[in-house]
Structures are given as C-alpha cells and as structure tokens.
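Letters A, B, ... are given to chains in the order of the sequence lines, protein chains preceding strands, and every chain is numbered from 1.
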There are 2 protein chains.
Amino acid sequence: MRKARNVSPTPARERALRRLEDLCREHGERLTRPRRAVLATLLSARRPLSAYELLDLLRAEDGKSTAASVYRTLDFLRALGIVHRLESTRSFVLCEHLEGPHWVQFLICRRCGQVVEAEDERIAAATERLGQRLGFALDQRIVELTGVCEGCRASAACHWRPGAR
Amino acid sequence: MRKARNVSPTPARERALRRLEDLCREHGERLTRPRRAVLATLLSARRPLSAYELLDLLRAEDGKSTAASVYRTLDFLRALGIVHRLESTRSFVLCEHLEGPHWVQFLICRRCGQVVEAEDERIAAATERLGQRLGFALDQRIVELTGVCEGCRASAACHWRPGAR
DNA sequence: CTATATTTGATACAAAGTATCATCTGCGCC
DNA sequence: GGCGCAGATGATACTTTGTATCAAATATAG
Ligand SMILES: [Zn+2]
Ligand SMILES: [Zn+2]
Ligand SMILES: [Zn+2]
Ligand SMILES: [Zn+2]
C-alpha cells in the first residue's frame with residue numbers, strides 16, 4: 001500500500017467515472033487525473049462545495065491542486081453538463097441527471113442546505129415563452145428557489161408553543 | 001456654489017428619492033446621505049453596476065465611501081426591495097417597479113448587457129407549484145435568463161454571409 | 001436642542017476568481 | 001510498447017468581491 005486512499009470504489013463512483021469517460025470520448029476531450037479527482041470528490045461530498053472547500057479536499061489527496069486548476073476543471077465539467085454552479089451560494093454540485101446538458105431548477109433549503117435538482121416542464125416552457133415574448137434567444141436559465149424544506153419545517157414546528165404568541 | 005454636483009434633479013430622480021423617503025418612514029428606518037447617494041447613482045447609471053463600479057462613482061462624488069459602506073447600503077436597499085442583485089453578473093440594479101418587495105425574472109443580453117426586469121405570472125405560478133410539489137416553503141426565487149436580445153441578434157445578422165458556410 | 005440608538009467611515013481581512021507561462025502528459029499513431 | 005505534440009497542468013501572482021470590528025458621527029424622537 002503506497003498511498004492512502006479514502007475513496008472507496010462504490011458503484012455510484014464507478015458509474016460517474018464511466019460517464020465522464022464516455023463524455024470525454026464523445027466530445028474528443030482528454031480524461032485527466034484532476035478531472036477524475038474533482039468528479040470523485042464532488043460525488044463523495046454529496047452536497048454543494050465551494051471551490052475552495054473542494055480545493056482543500058483535493059489537496060488532502062494529491063497535495064498539488066491550486067485554485068486555478070480547480071476552477072479550470074470545474075469549468076470543464078460544467079461545459080460537459082455534469083457539474084452545476086449554484087449562483088446563490090457560489091458553490092458547485094454534481095449533476096443528479098447524467099444525461100447531458102439540460103435546463104434545471106434548484107431548490108435549496110436555507111436551514112439544512114439540502115439541494116434538489118428539478119427538471120420542471122412547466123417552468124421550462126414558461127421561461128422559454130417569456131424569452132420569446134421579450135425577443136431574447138435564451139442560452140442559459142438560472143432558476144434557484146430558496147426556502148425551507150419539509151423536514152426542516154417539521155422539526156422547527158416542534159419548537160412552536162401553540163398557545164404562546 | 002460650494003460643491004460641484006453632476007447629478008441634475010430630473011423627475012425620475014425626484015420620484016425615486018421620494019419613494020425611498022416613504023419606504024424609510026414606513027419601515028421606521030433612517031434616511032441617510034449614503035442611502036440617497038447610492039440610490040441616485042444606480043438611477044443615473046441606468047444599468048447594473050458592480051459594487052466596486054458603484055464605489056468608484058460614489059467616491060468621485062463624496063470621496064469617502066468604502067466597500068463596506070457600499071455593501072451595507074446595498075443590503076439595506078435590497079431589503080426595502082428597491083435594488084436587486086443579479087447573481088449571474090454579481091451586480092446591482094435599481095428596481096424598475098417601485099411597488100415594494102416582489103418576485104421578478106431578469107433577462108440579460110450577453111452581448112450588450114441590457115437587462116429587462118419582468119414579472120411573469122406564469123413563471124411565478126410554476127415556481128410556486130414546484131416548491132409545493134417538493135415540500136419547500138419558498139422565500140426567494142432567483143430567475144435569471146441569459147441570451148441575446150432582439151437588437152443584438154439583428155445587428156449580428158448583418159455580418160452573416162447567407163451563402164457562405 | 002439634547003439624548004441616544006443607529007449608522008457611518010476607516011482599517012484590515014477573507015473569500016472567490018483570473019492571467020500567464022514553463023512544464024508535463026493523454027492519447028492517436030506507428 | 002513507445003513517440004510526438006496539442007492541449008492540460010502546476011506554480012505564481014494578482015484582481016475582484018465581500019466581511020468583521022469599532023470608535024466617531026448623525027438622524028430622529030421628545
Ligand atoms: Zn443536472
Ligand atoms: Zn432543510
Ligand atoms: Zn424590482
Ligand atoms: Zn443585446
């Protein structure tokens with residue numbers, strides 16, 4: 001054992017890496033170590049990471065990532081459509097649908113940080129329609145909805161004193 | 001004339017300042033010089049400004065604004081609902097509807113930078129519905145649609161050589 | 001006008017993102 | 001399997017964007 005590895009070859013991990021491999025081939029892009037590493041780290045985090053959180057995690061593994069390399073790699077993975085950036089929290093998250101570029105909406109719980117990636121047909125249609133109405137040919141649609149998720153509302157309710165004002 | 005003033009008392013300017021005055025009274029907040037100044041500067045810019053562009057403009061006038069004071073004031077005006085932040089461009093823009101807090105969508109031309117603030121009922125309904133479906137009580141809805149506006153598409157078309165590939 | 005709770009200005013710092021360039025490497029080709 | 005090189009990386013330095021702290025100033029109520 002030459003090097004400690006804290007990432008286990010889970011099925012999800014294998015699937016994601018396979019997907020990256022396929023996309024790189026399709027697009028004629030190179031599959032490099034940092035690209036694999038960023039994908040794997042985002043995957044195992046299972047939540048949005050800021051670029052610098054990601055950087056710290058990567059450095060713990062390889063010791064030589066830099067801000068520049070992390071941003072470059074994130075840009076690359078975003079262009080492939082398998083990583084998304086959450087504008088409202090300046091963080092990056094692995095795509096939950098592994099089927100190429102798509103328009104999605106994010107629901108973000110401001111209490112627990114949970115993020116749900118949705119693909120709502122109604123919203124897609126409504127935004128497209130608005131763009132047309134105002135004469136815009138849209139090429140990017142950022143929809144980020146922030147609030148409190150069901151679980152957090154339920155637990156918050158426990159603290160309410162119904163009689164008290 | 002003690003001090004040069006490069007801002008003229010236009011009707012729009014007067015209206016906006018009146019509005020700020022009213023909102024401050026309503027909310028029991030103080031109406032201070034920097035608050036007036038930031039509003040007036042955003043108004044005369046007539047386009048989104050980054051916090052530091054705004055800072056430069058303010059310093060040209062009063063010489064003593066700082067990053068901290070600009071961000072504080074922007075936060076204040078955002079809470080009143082008369083300034084919005086464009087997440088995708090990290091910039092701030094004066095609200096086009098001066099009727100209190102509201103949910104809007106921004107259409108942003110990536111070529112000319114034009115920004116349109118829309119209030120689309122369909123999108124509002126669709127986002128609310130999605131929130132409900134996924135159990136989220138929403139309190140913020142960021143919708144920023146980027147593309148190319150009609151004017152820019154028209155002028156870009158002039159460079160196309162229809163026959164050429 | 002005075003009192004006082006807020007706000008400001010000043011300073012210093014933290015976080016997020018980009019530019020440049022010499023070095024290295026993934027991968028198509030032999 | 002090994003070569004060659006377009007394209008990617010690592011290293012460094014820098015810019016932009018946003019916060020924390022606190023003494024001094026000031027907007028408003030009385
Ligand atoms: Zn996705
Ligand atoms: Zn939650
Ligand atoms: Zn508005
Ligand atoms: Zn345009």
Side-chain angles (χ1 to χ4, degrees), chain A residues 17-18 20-42 48-80 83-93 142 144, chain B residues 17 20-42 48-80 83-93 113:
Chain A
L17 289 174
R18 199 85 42 80
L20 174 59
E21 207 173 321
D22 292 347
L23 280 171
C24 284
R25 221 190 334 269
E26 276 176 38
H27 290 78
E29 300 283 2
R30 292 191 190 170
L31 180 49
T32 66
R33 205 156 78 84
R35 289 171 182 178
R36 267 190 282 256
V38 165
L39 185 77
T41 304
L42 276 178
L49 295 178
S50 78
Y52 281 78
E53 283 177 325
L54 184 50
L55 175 57
D56 288 344
L57 290 170
L58 289 166
R59 273 222 250 256
E61 282 288 312
D62 65 15
K64 59 192 168 189
S65 293
T66 65
S69 71
V70 168
Y71 279 104
R72 262 193 317 242
T73 306
L74 286 170
D75 286 345
F76 175 83
L77 296 174
R78 287 208 285 155
L80 287 186
V83 162
H84 300 296
R85 183 191 140 96
L86 298 178
E87 301 290 334
S88 54
T89 56
R90 294 151 230 240
S91 61
F92 301 84
V93 68
I142 295 167
E144 295 181 20
Chain B
L17 289 174
L20 175 59
E21 206 173 322
D22 292 348
L23 279 171
C24 284
R25 222 189 335 270
E26 276 176 38
H27 291 77
E29 299 282 3
R30 292 190 188 172
L31 179 49
T32 66
R33 203 156 81 85
R35 289 170 183 180
R36 267 189 282 256
V38 165
L39 185 76
T41 304
L42 276 178
L49 295 177
S50 78
Y52 281 77
E53 284 177 325
L54 184 50
L55 175 56
D56 288 343
L57 291 170
L58 289 166
R59 273 222 249 255
E61 283 286 312
D62 65 15
K64 59 191 169 190
S65 293
T66 65
S69 69
V70 168
Y71 278 104
R72 262 192 317 241
T73 306
L74 285 170
D75 286 346
F76 175 82
L77 296 174
R78 286 209 286 155
L80 286 185
V83 162
H84 300 296
R85 182 191 141 94
L86 299 178
E87 301 291 334
S88 54
T89 56
R90 295 150 230 242
S91 61
F92 301 85
V93 69

- Query: Does the side chain of B:V83 come within less than 4.5 Å of B:T73's, by heavy atoms?
  - Reply: no
- Could you check how far CG of B:L58 sits from P of C:dA10, rounded to whole Å? 13 Å
- Task: Determine the contact category for B:R35: base if any of its heavy atoms lies under 4.0 Å from a base atom, sugar-phosphate if only primed atoms, P, OP1 or OP2 are that close, otherwise nothing.
- Result: sugar-phosphate
Output one line per pair: protein atom, nucleotide atom from nucleotides 1-3 of chain C, and distance, for all N/O pairs under 3.5 Å.
none

- Item | Length of the CG-C1' vector between B:L55 and D:dG18, whole Å | 12 Å
- Item | Integer-rounded Å distance: C:dA15 C1' and A:E87 CD | 16 Å
- Query: Once you round it to whole Å, what is the distance between C1' of D:dT9 and CD of A:E61?
  - Reply: 18 Å
- With the side chain counted from C-beta on, respond yes when A:T41 and A:E61 share a heavy-atom pair under 4.5 Å apart, and no when they do not. no
- Interatomic distance, OG@B:S91 vs CG@B:L54, rounded to 0.5 Å, equals 11.0 Å
- Evaluate the side-chain proximity of A:D56 to A:Y52: yes if any heavy-atom separation is below 4.5 Å, no if none is. no
- Query: Rounded to whole angstroms, how far apart are OH on B:Y71 and P on C:dA15?
  - Reply: 15 Å
- Using a 4.5 Å cut-off on heavy atoms from C-beta on, say whether the side chain of B:L80 contacts that of B:H27. yes
- Task: Indicate yes or no for a side-chain donor-acceptor contact from A:R35 to the backbone of A:R30 under 3.5 Å, with no hydrogens or angles considered.
- Result: yes
- Query: Taking 4.0 angstrom as the limit, do B:D22 and B:R25 come out as a salt bridge?
  - Reply: yes
- Query: Is any NZ, NE, NH1 or NH2 atom of the basic residue among B:D75 and B:R78 found under 4.0 Å from an Asp or Glu carboxylate oxygen of the other?
  - Reply: yes
- Query: Can you tell me if the side-chain N/O atoms of A:S69 get under 4.0 Å from OP1 or OP2 in D:dA8?
  - Reply: no
- Query: Which part of the nucleic acid, if any, lies within contact of A:R85, taking any heavy atom under 4.0 Å across all strands shown: a base, the sugar-phosphate backbone alone, or nothing?
  - Reply: sugar-phosphate
- Query: Nearest-Å distance, CG (A:D75) to P (D:dA8)?
  - Reply: 12 Å
- Query: On DNA chain D, nearest-nucleotide positions of A:A68 versus B:T89: which is more 5'?
  - Reply: A:A68
- Task: Determine, for nucleotides 25-30 of chain C in 5'-to-3' order, which nucleotides have protein heavy atoms under 4.0 Å from the base (write B), from only the sugar-phosphate (write S), or from neither (write -).
- Result: BBS---
- Using the six-membered ring for Trp and the full ring for Phe, Tyr or His, decide whether B:Y52 stacks on the six-membered base ring of D:dT17 (centres under 5.5 Å, planes under 30°). yes
- Grab the CG-C1' distance between B:D56 and D:dT16 for me, whole Å please. 12 Å
- Task: With the side chain of B:T66 defined as its heavy atoms from C-beta on, choose the nearest nucleotide among C:dT11, C:dT18, D:dT21.
- Result: C:dT11
- What distance do A:L39 atom CG and A:L74 atom CG have between them, rounded to the nearest 0.5 Å? 10.5 Å
- Task: To the nearest 0.5 Å, tell me how far B:C24 SG sits from B:L77 CG.
- Result: 8.0 Å
- Task: Let me know, please, whether B:R90 or B:R72 comes out on the 5' side of the other along DNA chain C by nearest nucleotide.
- Result: B:R72
- Query: Just checking A:S65: base, sugar-phosphate only, or nothing, at a heavy-atom cut-off of under 4.0 Å?
  - Reply: nothing
- Item | Rounded interatomic separation in angstrom, taking CG from B:L80 and P from C:dT7 | 11 Å
